[in-house]
Amino acid sequence: MTPPSPPDRLDQLQQRLRDFAAERDWQPFHSPKNLASALIVEAGELLEHFQWLTEEQSRALAQPGPAQEAVAAEMADVLLYLVQLASALEVDLLDAAARKMGVNAAKYPVAKSRGRADRASEL
C-alpha cells in the first residue's frame, strides 16, 4: 500500500487524523487526557533511541539508514498525538508556537544568551 502524500498544512493533517479516527470509531478514546498520555508514551519511545548514546552518536542519527528511520517513526508518532491533542483542545499550534517564540525571545535576549548552555533549553 502506498502511503498518502504528506499534507501541505497543519489543518489538513488534523482533518486526516480526525477522518482516520472516525473510520475506526476511536473518537470516544481520544479525550485530551488520553491524547496527552499517549503523547508522553511516544516521547519516551523516542527518547529510548538516544539513551546511552554519546553526543557524537546521537548526531550520527542524522545519517540515512535504519536508525534514522526508527527515530523518524517515533517523531511522527509524537507529532501526530500533539496535533490530535491540539485539535481536541482547539489550540492553533502554529499561533501558539509563534507566541511562545516571542516570549522566549524576550526572556532570552541574544546579548545575554549567546553561546550559553544554561540558556539553550528554550527554543
Checklist outcome for this item: Sequence neighbours excluded, the answer for side-chain contact (heavy atoms from CB on, under 4.5 Å) partners of D8 is Q12
Checklist entry - Should V103 and M101 be marked as a side chain to side chain contact (heavy atoms under 4.5 Å, CB included) after you check the CA-CA gap, both sets of side-chain angles, and the distance that decides it? => result CA-CA 5 Å; V103 168; M101 288 178 72; over 6 Å; no
Item to check | Chi angles and distances behind the side chain to side chain contact (heavy atoms under 4.5 Å, CB included) call for E45, E48 | outcome: CA-CA 5 Å; E45 290 179 12; E48 281 184 306; 4.1 Å; yes
Checklist entry - If Ile, Leu, Val, Met, Phe, Trp and Tyr residues are connected whenever their side-chain heavy atoms lie under 4.5 Å apart, and connections chain through other members, are L82 and V91 in the same group? => result yes
Checklist outcome for this item: Distance col, row N34:CG vs Q84:CD, nearest 0.5 angstrom, shows 11.0 Å
Item to check | side-chain hydrogen bond (donor to acceptor under 3.5 Å, both in side chains) involving R116 - partner list, sequence neighbours excluded | outcome: D118
Item to check | Any H30 side-chain heavy atom under 4.5 Å of Q27 side chain | outcome: no
Checklist entry - Is it true that Y81 and L94 fall in one hydrophobic cluster, defined by side-chain heavy atoms closer than 4.5 Å? => result yes
Next on the checklist: Same cluster or not: L53 versus V71, using hydrophobic residues (I, L, V, M, F, W, Y) connected whenever any side-chain heavy atoms lie under 4.5 Å apart?
Outcome noted: yes
Next on the checklist: Could you go through Q63 and Q68, starting from their C-alpha distance and side-chain angles, then the distance that decides it, and tell me whether this counts as side chain to side chain contact (heavy atoms under 4.5 Å, CB included)?
Outcome noted: CA-CA 7 Å; Q63 302 304 313; Q68 186 194 50; over 6 Å; no
Next on the checklist: Check for me, please, whether L39 and L89 land in the same ILVMFWY cluster - side-chain distances under 4.5 Å, paths through other members count.
Outcome noted: yes
Checklist entry - What distance separates L79 CG from L13 CG, expressed to the nearest 0.5 Å? => result 6.0 Å
Checklist entry - Which value, rounded to the nearest 0.5 Å, describes the distance between K100 atom NZ and N104 atom CG? => result 4.5 Å
Checklist outcome for this item: Here the gap from L93 atom CG to L85 atom CG, rounded to the nearest 0.5 Å, amounts to 8.0 Å
Checklist outcome for this item: Taken to the nearest 0.5 Å, the spacing of L47 CG from I40 CD1 works out to 11.0 Å
Item to check | S113 (side chain) donor-acceptor with V110 (main chain) under 3.5 angstrom | outcome: no
Next on the checklist: Under the criterion side chain to side chain donor-acceptor pair (under 3.5 Å), I'd like the reasoning laid out for D19 against Q15: C-alpha separation, chi angles, the key distance, then a yes or no.
Outcome noted: CA-CA 6 Å; D19 293 346; Q15 188 59 54; 2.8 Å; yes
Item to check | Whether S87 side chain and V83 backbone form a donor-acceptor pair below 3.5 Å | outcome: no
Checklist entry - Any chain of hydrophobic side-chain contacts (each under 4.5 Å) joining F29 to F20? => result yes
